[in-house]
Amino acid sequence: MCPADQTVATNNNDHLVQSEDPEHPANLIPSSVANSTTGDGLPTSIRQGDHIFIAPSGVQKELMQPHNIFVLQWPTPKYPASDRNYIRKPLKLNPSACTPLFLTAFEQGAGCCIHTHSQWAVLVTLLVEREKGPDACFEISNIEQIKGIPRGKGKGMLGFFDTLKIPIIENTAFEEDLTSGLEAAMNKYPDTYAVLVRRHGIYVWGDNTAKAKTQCESLDYIFQLAVEMHKLGLPWVK
Ligand SMILES: CSC[C@@H](O)[C@@H](O)C(=O)COP(=O)(O)O
Ligand SMILES: [Zn+2]
């Protein structure tokens with residue numbers, strides 16, 4: 001990762017990322033990246049009205065600043081990348097390589113999407129592959145924390161006796177190439193709010209930033225618990 005670029009383009013809609021409000025997306029993205037507890041980097045994207053705020057690619061997390069944030073006018077074409085409607089592009093930086101995956105989550109109505117390289121998430125993808133085969137998804141039930149995950153849009157939260165199911169897609173050489181796998185998983189599991197990426201991490205989204213963050217943290221807790229349960233020979237589904 002390279003150090004954050006401190007250069008600010010002039011006449012580049014700087015006002016879109018300048019706010020005293022700590023809850024403004026341009027402030028929330030750097031602060032949540034710096035304070036992440038669920039994996040290195042934590043690229044994040046937030047939709048506020050018809051603006052999408054996107055973290056820069058490869059910026060050291062504690063150095064990310066609001067003026068490093070990209071802004072897209074929503075809706076925007078997902079492909080080709082050159083057609084995307086950037087209304088703010090910081091000089092000498094590139095938007096996160098996760099951008100088309102974030103846009104896929106926004107197409108589904110998300111207000112925020114987070115990508116982490118959580119080691120617990122990675123370990124779970126490896127355990128599922130070994131125990132259940134490559135096409136299986138992660139499943140767990142009878143764990144209190146699954147009540148922190150929605151049952152589906154407008155369907156409330158999962159209950160203690162429900163089974164949480166998170167699809168797993170295969171990793172690709174380049175982040176952008178995960179997009180078709182993410183789209184396929186969302187079609188197959190229309191109620192999911194997360195997709196695991198084997199040997200890589202997870203994408204988690206929510207109706208808004210607070211929900212995406214709490215769902216991300218709940219899932220990280222559940223994955224860590226699942227790894228420990230596996231070590232003790234305890235089944236994930238009763
Ligand atoms: C350890 S760098 C891996 C990254 O290339 C990739 O996995 C990723 O998540 C994209 O990161 P980004 O820095 O937002 O472009
Ligand atoms: Zn990644």
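Heavy-atom basis, side chains included; hydrogens, waters and symmetry copies ignored. Indexing begins at 1, ligand by ligand and atom by atom, following the structure's order. Along the sequence shown, residues carry numbers from 1.
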What atoms of ligand 1 come within less than 4.0 Å of a heavy atom belonging to His200?
7 (O)
Give the atom numbers and elements of ligand 1 that come within less than 4.0 Å of a heavy atom of Glu175.
6 (C), 7 (O), 8 (C), 9 (O), 10 (C)
So, does Asn12 use its side chain to make a donor-acceptor pair with the main chain of Asp14 at under 3.5 Å?
no
For OE1 in Glu175 and NE2 in His117, the angle at the Zn ion (ligand 2) (nearest 10°) is 150°
The atoms of ligand 1 lying under 4.0 Å from a heavy atom of His115, numbered in the order shown, are 9 (O)
Flag, side chain of Arg151 to backbone of Met157, donor-acceptor distance under 3.5 Å
yes
Taking 4.0 angstrom as the limit and counting only heavy atoms of Gly58, give me the atoms of ligand 1 inside it, by number and element.
12 (P), 13 (O)
Roughly how far, to the nearest 0.5 Å, is the CG atom of Asp50 from the CG atom of Asn85?
10.5 Å
Less than 3.5 Å between some nitrogen or oxygen of Ala97 and one of ligand 1, yes or no?
yes
Salt bridge Lys78-Glu176, side-chain N to carboxylate O under 4.0 Å:
no
Can you list the ligand 1 atoms lying under 4.0 Å from a non-hydrogen atom of Ser57?
12 (P), 13 (O), 15 (O)
Using 0.5 Å steps for rounding, measure from the OG atom of Ser218 to the OH atom of Tyr193.
14.0 Å
Of all heavy-atom pairs linking Tyr203 and His115, the shortest is CE1-ND1, 3.3 Å
Given 3.5 Å as the limit, does a donor-acceptor pair link the side chain of Arg47 with the main chain of Ile52, or not?
no
For ligand 1, which is the ligand I care about here, please tell me if Cys98 has any N or O atom under 3.5 Å from one of the ligand's N or O atoms.
no
If we number the atoms of ligand 1 from 1 as shown, the ones under 4.0 Å from a heavy atom of Ser96 are 12 (P), 14 (O), 15 (O)
When you measure from the Zn ion (ligand 2) to each N, O or S atom of His115, which atom gives the shortest distance?
NE2
